[in-house]
Amino acid sequence: MTEHPREPLVPYTPAQPPEQAAEAFYQTLRRRRTVRMFSDRPVSRATIEWVIRAGGTAPSGANKQPWRFVAVSDPAMKHKIRVAAEAEEREFYERRASERWLADLAPFGTNPDKSFLEVAPWLVVVFALRQTDDGGQVYYLNESVGIATGMLLTAAHMAGLATVTHTPSPMKFLGEVLGRPEHERAFMLIPMGHPADDATVPKITKKPLEDIAVFVE
Ligand code: IYR
């Protein structure tokens, strides 16, 4: 058997005790909202790089890190993505979506207009790798990429950036427009930037703890 190297854990110890640290983080995270009204105020590439690095710290099946984050600021590419996304969305709103689905979406005021895809300074397209870049097996792909995406969204929020988890369906056009290889499957399209000064968001609530948690002690 080969020896696999190990190293001492360097624990992260918050400045406050766990209970206070957990509440403080919750108070910050609860202010994240999905935003569809962006400012065109620029965001540096370095900011996006840090946010992507944060997403890339996610745990994944056998640490295969089966994700790729494609960050787009090129206006011509953003335009192409918008045009293609809006074509899919028109199909969705006019034909594919059931009456019930449209009714469920009504409170959010979404529609086929995806101008945020051009206004936001950056689009981060998350791809799930069906296999590693060298053809190896990946494990728990959706779980892994879902976690990394959640961490990416959290990192953007902590940097003061707004995001929307946009899932045009089908998303195949993203791989085509961006010229991504066959083994990369588009997972989510995430505009990132500062919110518009007059941005509004739907008045919605999150379920209270009693409705989302069960304690067995
Ligand atoms: N992809 C469409 C529709 C949509 C679906 C769900 I479920 C949402 O939570 C929001 C939107 C769109 O982006 O408009």
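Atoms within each ligand, like the ligands themselves, are counted from 1 in listed order.
- The CZ atom of R100 lies 7.5 Å from the CG atom of D104; values are rounded to the nearest 0.5 Å.
- Tested against E88, the residues R96, R82, K172 include a single salt bridge (charged side-chain N to carboxylate O under 4.0 Å, His left out) partner, R96.
- A single hydrophobic cluster is seen to contain both M77 and F116, as judged by linkage of ILVMFWY side chains at heavy-atom distances under 4.5 Å, directly or through other members.
- Ring-plane geometry between F92 and W101 is classed as perpendicular, the angle between the planes exceeding 60 degrees on a 0 to 90 degree scale with a lower cut at 30.
- Under a 4.5 Å side-chain heavy-atom criterion applied to ILVMFWY residues, the cluster that includes V43 comprises I48, V51, I52, W67, F69, W122, V124, V126, V138, L141, V145, L152, L153, L161, F187, M188, I190, M192 as well.
- Under 4.0 Å from any atom of ligand 1, one finds heavy atoms of residues R36, E89, F92, Y93, W101, L105, T110, K114, H166, T167.
- No donor-acceptor pair under 3.5 Å is formed between the side chain of K114 and the backbone N or O of I81.
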